[in-house]
> 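Okay, handing you the structure first.
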Amino acid sequence: MARTLPALGVGVVVVLAGVALATMRVNPYLYFAGYVILQYVVIATAWNILGGYGGYVNFGTPAFFALGAYTAVFLIRSIKAPLPVLIVAGGLVAALLGLGIGYLTLRLRGTFFSIATLALSVVLQTMIINWEYVGGSRGISVIRPSGPPFGNYVVFLFTVMLGLAVVAVLVARFIERSWIGRGLAALRDNEEAAECMGVPTLRLKLFATTISGFLLGVAGAPFPYYVTFVEPNSAFALDYAVNALAMPMIGGTTSWVGPVIGAVLLGTTQQLATVTISSELNLLIVGVVLVAFVVLAPEGILGLVRRVRGRI
Amino acid sequence: PVARAADPIKLGFGMALTGGLSANGKPALLAVEIWKDDVNKKGGLLGRPVQLIYYDDQTNPSTVPGIYTKLLDVDKVDLVISGYGTNLIAPLMPIAMERKLTVMGMFGLANNEKYQYPNYFQIQPAGPDPQTSTAIGFFELAARQNPKPQTVAIVGADAEYPQNALVGARELIKRYGLKTVYDKTYPPSTVDYTPIVRAIKATNPDIVFVASYPPDSVGMLRAAHEVGLQPKIFGGGMVGLMFTTVMTSMGSMLNGVVNYDFWAPEPPFLAIPGIKEFLKEYQARAEKAGVDPLGYYLPPYSYALVQVLGQAVEATKGLDQQKIADHIRATEFNTIVGKVKFGKNGEWAKGRTLMVQYQKISGNSIDQFRGPGKKVVLYPDEFKSGNLIYPYAAALK
Amino acid sequence: MRNVDAGYGAVRVLHGVSIEVREGETVALLGTNGNGKSTLIKCIMGMVSPEAGEVFLETDGTRVDLTRRSTEEIVSLGIALVPEGRRLFPKLSVEENLLLGAYRKAARADIQTNLEFAYEAFPVLRGRRAQLAGSMSGGEQQMLAVARALMSSPRILLVDEPSVGLAPILVSRVIAKIRELKERRHLTVLMAEQNFNQATKIADRGYIIVHGKIEFEGRSTAELRENELVKKYYLGV
Amino acid sequence: MSDALLQVEGLTKRFGGFLALNQVSIAVKPGERFGLIGPNGSGKTTLINCVSGSLPVDGGHITFDGRDITALPAHRRTRLGIVRSFQIPKPFTSMSVLDNLGIPLENAAHGRGADGADAMQILEAIGLAAKAHLRPAGLTQIEMRKLELARAMAARPKLLISDEAMAGLSSAEVDDILTILFRLNAQGITIIMIEHIMRAVMRFSERIVVLDAGERIAEGTPDEIVRNPAVEKAYLGE
Amino acid sequence: MFSWDLLANAVVAGVLLGGFYAAVSLGIGLIFGLLDIANIAQPAFVILGAYAAYVMNSAYGLDPILTGIAFTPVFYVLGAVVYRIYYGSFERRGEESLRGLVFFFGILFIMEVSLSLKFGVDYRLVQAGYIGKSFELAGVGVSFRYLVPCVVGVAMTAALYLFLGRTFYGRAIMAVSQDQAALRLMGANPVQIKTIAFGVGIAAASLAGALLITIAPVIPSTDRDYIGRMFAITVLGGMGSIGGTLVAAIILGVIESLMATFFGPSWSLAVSFGILLAALAVRPAGLFGR
Ligand SMILES: Nc1ncnc2c1ncn2[C@@H]1O[C@H](COP(=O)(O)OP(=O)(O)OP(=O)(O)O)[C@@H](O)[C@H]1O
Ligand SMILES: Nc1ncnc2c1ncn2[C@@H]1O[C@H](COP(=O)(O)OP(=O)(O)OP(=O)(O)O)[C@@H](O)[C@H]1O
Ligand SMILES: [Mg+2]
Ligand SMILES: [Mg+2]
């Protein structure tokens, strides 16, 4: 507990700094790129709660993200709900799906669980494609509300996403350092032994899938306002699954810092590659970066740092 | 700072160089590059050279806001055009509106219906009623046949363009008093189309309208041959059949298909000034760029799109976005695809989506597709270059 | 095996160990837990590489150095190991496990006779040939492990603690079986075992290893039985 | 029989068509040292799995401390005081030895006062204190077994089930572990011991039950068991 | 709209499609199912195989399937090289396969981009005498375009089945992920065994790619359509069960075909994956998992 308060303090400072940055209105492009990177901080952190701490590899990240986004689309279309409502609702709906896959863990482990989440993503995408109200396969344009703070809606979204990222990281950090995190680590190492040592494994798994799902949904909820056009192919893009997995791997999965580092690194690389390299080579670079990182930094950046420090 | 005469005019855009739409995005890029070279050869715009700044949008709409903000705020481009395709135009609209830009849309279907932004202009010749534009010629032709077909089957992929085409088709079916006997969609990743085709055949329709992307266009057509589906008219909105690689590979299997198109090497189009030079240049550069070797489908329009923009800049003698837009709205332009006049919502004032029929194709040589006679234009009447072989089975022989 | 030092990483387990097994002998390697029996055997099999000393095989005057060879090569020289903990392939059937035992090139020709021999020696296995090895009980698994090692037509059989985790009745049965096999196949056997009574039932002679050193070499079982160390550790005196 | 701490009645367990346990009943009294023996594959581990909740049962009832626990999940049983060690050690590999104990202390023994000192105390008692900060991968076999026991102790059991904790250990080490178990028993912990090492089982147990092929074939004091002809035939041999 | 005729046709078409799916999934069944290497780049190798078939077909008019067979040694070597890299970077260091997954994602991207740099993004097709032809048997139409891949797929399954069950290498491959040290004791080198298995898995992709381009046009990103299906089939069949792969592939094919015929193709993929979910819930190890 003693270390939670300072962490909260740091979080608040980060958000305030973000707001200050927003009011300063430096180059607007930075907010756009920053938004995407922060969105990946949330996604990677959320994924890591289940995948890194608990050892259950979720391939269905796109499903949760898209569920958050489409919940928002539905609420915007039906009742023009304000952004906070969208975020909470998107999170809750995705959390429900998380709870659902939590029950899958009763029977499925390892690869089987991963493939099941992938299957879930396909099923969900098909449902969205056939649901005309939210645009079906044609997609839907979303009109941003007028008169946002800071003059520009994306600058506003940037600060919102910064806040969400801080919340996600704080949640992850709290989990990691509580009995929940230790219990998850135990069940990651050996589920049967954990259960026999009194760890309520099912409850912990349900908690992890739900909270992970919630945060993934939260990451997706502002997405419609960011792109202003949502369609299934990009909302369910494989990129989210790859990034959600790769970012914590690159950063390091055992600590909350890992996904943040990974998201910032890989996210920035992707953003930079997109807007500096005017050809398909931008994707090649992302591929090479992925390969290079996992080959050269076996335990993630964190592991690398620890090793270098250990040597000195 | 005041722009010096030698400072380039920067034209910025995102383009699908990877992902699902790159087969169209890359040729579009080449066309724009050819235009830039042409313009610069003639001394540029306003005496300043034109420079292109573009990025790969990966056919993913979520990259578009970032790309255009970068273009506008970091690269400080003077003019923007959209990337290729409806889904990539949609996220650009709010940015353009917020910054009051003139934006040229490259093949977007009904993007402006929701926004009604006056400074948006779109080059696909869909006309004032975009939704029905793909199918209108198809059903119009069907209605002219004797005896008039009664029943129709429509089928399409669960994706943006096919779904729009199907919506239009359903409306036209109502308008022409036809009876729908089959109306279903399939996922774009379908591998086997024979069950679908067989189910359609079981309903015994007079006409079959297909709205599909390239892999499914090929799949549907092959399956139709294998299953022996022979309605009186077959085709409609099958994207990809006009791609050179597809045409040469499919060969005679294309015969008889009635399909939408935008351009065909038929006399009415070849007569337009500038087109031959463009195609020559395009075909010379196509292989190196790794794009469609003939460029008969979209590239002329992509070129025309920047032609319009360039002409407007020259005419308004500046880069004032509002003045450029006002000029485009008011003027009829001469381009390599003919006269272009924009109307409601920035669409062509009068639609010009073609309906063509593949005829007398044999073997797989590319050369047969270079000249007239293989892709006969049936609709609209002012571009007509041949007659419909009816019914479909007759064209198969 | 001469003057072998070996260990795992920084931990040195064996200190200057020299042992010798002559053709046709059965030698017991005695020692309580953690004294280095398995490590010694792993050294012979090339699964642990010695830091010093040498391990070699001498047949008909030709001498083959095993120290730098991989486990696969050593196996292909005709040395088979029944490893500690059995190490079966749990998701393969009994028969598949046996057939894998005959992977060594020299054994492939004899595969049918060896298989027949294995089933004859262990009739339970015949009845269970299609069952997955992992679903069998410990005793059955131990038999399978022995049978599998024999499938490679070895000249030398190393056995690491065949009695661990077995019911007493099975321990005697497995030990008896090893003796029987040894006699029928003219094997040279080196067996690591803690169960003194069982080991001495079949051994011609033995070594006692304590803390990675050979503390005693008994030239006969009787000599072993008289040894103070044995009395202290095994006979509970 | 209501004085039993653990009562298993008519327990039946099937794996597919295979009947691993057939109507097995046992009763363990509080404070008892109870031995469970039987040939390999007779169903001992399976019985333990059913009692500890790792496997669902196909029939029968399990009562602990007067409470029917047949349907309780494993971790609840652990919290009630049934703790088992695993025949094949299953340590938490990513944690230090000390943190391995933290898990049961935190999850099963909570409310009974748990902090780092408790864990250290247990490790000292069992002789693992020097290795407290190592990962389990760095332990030897015997240390691994000890960790397995230490972790079970950290759960503060009323009933400790030790499944072949001594297999492969030397007699000195067997004595080590026996001493620990005797000491725990003296503290009032009921212990079920499964073991093939007769010397240990016979010395330790007050009462022994013998399983064979999923059925209970004998029960009695060690002396009675040794003299039982059925047991001799099925298990002891010679 | 139901008729027995349609039903028979749908089932036959589904079985044929299933045979093709089996061909596409065999490589991953071997690499992922038996070696436990989550080679998510496998579909990219299949597409590479498709391009090989395309190149030989368009340049020399070679039959795609012949090309597929002819290229298997090349792909085998390619697979062996990729495995060695993977081995050197991950397995030798004893790292968990999750990082390998990221590695293979990277390979997937690199291969996709390389293909599009080399071949552009146009759809590529092949020509062969049997494409577009069909025959009818007792009222059931059979297209050669699917019959040929199905026959090849079944033959590949049979060959792999025999290879695994009847040869020493095969049995070693089945054992290698269970206990490498024990495999050494049998006299087999696990790294060599895995190299062989990985090579064979990639070689299967050569043939699968040829079948793929026989059926449908291909662009570099076509691989995305198959990732889910391949892994679903492997898991549904039961990891490591080659026969199970074929059965699962046929089940998926028949479901897709029946859905497309009778209920609306739109849901066919979702139903397939829904059934996968249901099957996993009932049999967590897949249909024929050991
Ligand atoms: N992989 C390893 N890494 C580090 N130390 C090891 C390893 N394997 C064994 N040791 C240590 O080496 C020593 C000797 O072990 P070894 O297995 O050879 O003993 P053993 O006599 O066979 O005992 P057991 O009766 O347990 O089989 C022990 O202290 C053991 O802890
Ligand atoms: N999960 C399972 N699936 C199928 N069969 C099983 C399973 N677990 C155990 N068995 C079988 O049940 C029987 C009893 O096994 P169990 O492990 O309880 O024996 P045990 O008495 O503990 O033997 P050991 O003394 O060798 O440890 C054995 O035949 C075993 O093969
Ligand atoms: Mg040993
Ligand atoms: Mg047991």
Side-chain angles (χ1 to χ4, degrees), chain A residues 51-52 55 57 59 101 103-104 106-127 129-130 137 233 237-239 241-243 245-250 253 266 279-300, chain E residues 32-33 36 38 40-41 85-86 88-90 93-114 116-117 121 220 224 227-229 231-232 234-236 239 264 266-286 289:
Chain A
V57 174
F59 263 168
I101 69 158
Y103 280 102
L104 278 182
L106 267 179
R107 307 218 47 173
L108 301 177
R109 291 183 191 170
T111 322
F112 295 98
F113 174 78
S114 306
I115 301 295
T117 53
L118 184 76
L120 205 68
S121 182
V122 173
V123 174
L124 208 67
Q125 184 175 2
T126 312
M127 283 160 76
I129 280 176
N130 286 286
S137 52
N233 281 332
L238 185 67
D239 305 23
V242 180
N243 283 336
L245 174 77
M247 287 167 172
M249 287 289 150
I250 285 176
T253 51
L266 193 60
S279 74
E280 52 270 75
L281 286 176
N282 72 76
L283 281 187
L284 188 68
I285 292 201
V286 171
V288 170
V289 166
L290 280 187
V291 171
F293 264 117
V294 288
V295 170
L296 300 178
E299 280 160 63
Chain E
F32 175 59
D36 254 346
I40 207 125
I85 297 173
Y86 173 78
S89 321
F90 302 96
R93 301 192 199 144
E95 272 151 23
E96 82 291 36
S97 56
L98 217 49
R99 311 190 66 76
L101 194 61
V102 177
F103 170 80
F104 283 115
F105 265 125
I107 299 277
L108 177 90
F109 289 147
I110 292 172
M111 285 184 63
E112 273 183 16
V113 177
S114 308
S116 79
L117 284 172
V121 289
R224 306 277 172 112
I227 295 178
R229 280 197 184 98
F231 280 87
T234 305
V235 168
L236 181 62
M239 296 278 279
S266 191
W267 292 93
S268 59
L269 207 57
V271 170
S272 297
F273 279 77
I275 285 183
L276 168 70
L277 276 179
L280 283 182
V282 182
R283 278 191 67 94

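Heavy-atom basis, side chains included; hydrogens, waters and symmetry copies ignored. Chain naming here is simple, since letters A, B, ... match the order of the sequence lines and numbering starts at 1 in each.
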> Within the structure provided, determine whether A/Val295 and E/Phe90 are in side-chain contact (heavy-atom separation under 4.5 Å).
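Yes, at least one pair of side-chain atoms sits under 4.5 Å.
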> For the residue pair E/Ala270 and A/Val123, what are the closest heavy atoms and their distance?
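Nearest heavy atoms, E/Ala270 then A/Val123: O-CG2, 3.6 Å.
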> Name the region of A/Leu124, side chain, backbone, both or neither, that has any atom closer than 4.5 Å to a heavy atom of chain E.
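When you check distances to chain E, no heavy atom of A/Leu124 falls under 4.5 Å.
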> Specify the closest pair of heavy atoms between A/Thr126 and E/Ser266, including all atoms of both residues, with the distance to one decimal.
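Reported closest heavy-atom pair: CG2-O, 3.4 Å.
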> Relative to chain A, which segment of E/Leu277 carries a heavy atom at a distance below 4.5 Å: side chain, backbone, both, or neither?
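Only the side chain of E/Leu277 comes within 4.5 Å of chain A.
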> Relative to chain A, which segment of E/Ile110 carries a heavy atom at a distance below 4.5 Å: side chain, backbone, both, or neither?
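Both backbone and side chain.
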> Distance from A/Phe59 atom CZ to E/Ile40 atom CD1, nearest 0.5 Å?
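Interatomic distance, A/Phe59 CZ to E/Ile40 CD1, rounded to 0.5 Å: 4.0 Å.
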> Indicate the atoms forming the closest heavy-atom contact of E/Arg224 with A/Leu238, along with that distance.
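Looking at all heavy atoms of both residues, the shortest contact is CD-CD2, 3.7 Å.
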> Please check if the side chain of E/Arg99 supplies one atom and the backbone of A/Ala297 the other of a donor-acceptor pair under 3.5 Å.
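The answer is yes, because a donor-acceptor pair under 3.5 Å joins these two groups.
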> Distance from E/Phe105 atom CZ to A/Met249 atom CE, nearest 0.5 Å?
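Going from the CZ atom of E/Phe105 to the CE atom of A/Met249 covers 11.0 Å.
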> Between A/Leu283, A/Ile115, A/Leu118, which has the largest tally of heavy atom pairs under 4.5 Å with chain E?
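Greatest number of close heavy-atom pairs with chain E: A/Ile115.
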> Using non-hydrogen atoms and a 4.5 Å limit, figure out which bit of A/Val288 sits close to chain E: side chain, backbone, both or neither.
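A/Val288 touches chain E through backbone and side-chain heavy atoms alike.
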> I need the E/Phe109 CZ to A/Asp239 CG distance, nearest 0.5 Å.
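Between atom CZ of E/Phe109 and atom CG of A/Asp239 there are 6.0 Å.
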> Kindly give the heavy-atom pair with the smallest separation between E/Leu280 and A/Ala116, and that separation in Å.
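Reported closest heavy-atom pair: CD1-CB, 4.2 Å.
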> Could you check which of E/Leu236, E/Leu117, E/Leu276 has the highest count of heavy-atom pairs closer than 4.5 Å to chain A?
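Heavy-atom pairs under 4.5 Å are most numerous for E/Leu117.
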> So how far is it from A/Leu290 CG to E/Phe104 CZ, rounded to the nearest 0.5 Å?
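Answer rounded to 0.5 Å: 13.0 Å.
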> At what distance, to the nearest 0.5 angstrom, does CH2 of E/Trp267 lie from CE of A/Met127?
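Spacing of CH2 (E/Trp267) from CE (A/Met127) equals 6.0 Å.
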> Could you tell me which of A/Leu245, A/Val291, A/Asn130 has the largest number of non-hydrogen atom pairs under 4.5 Å with chain E?
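Among the listed options, the one with the most contacts to chain E is A/Asn130.
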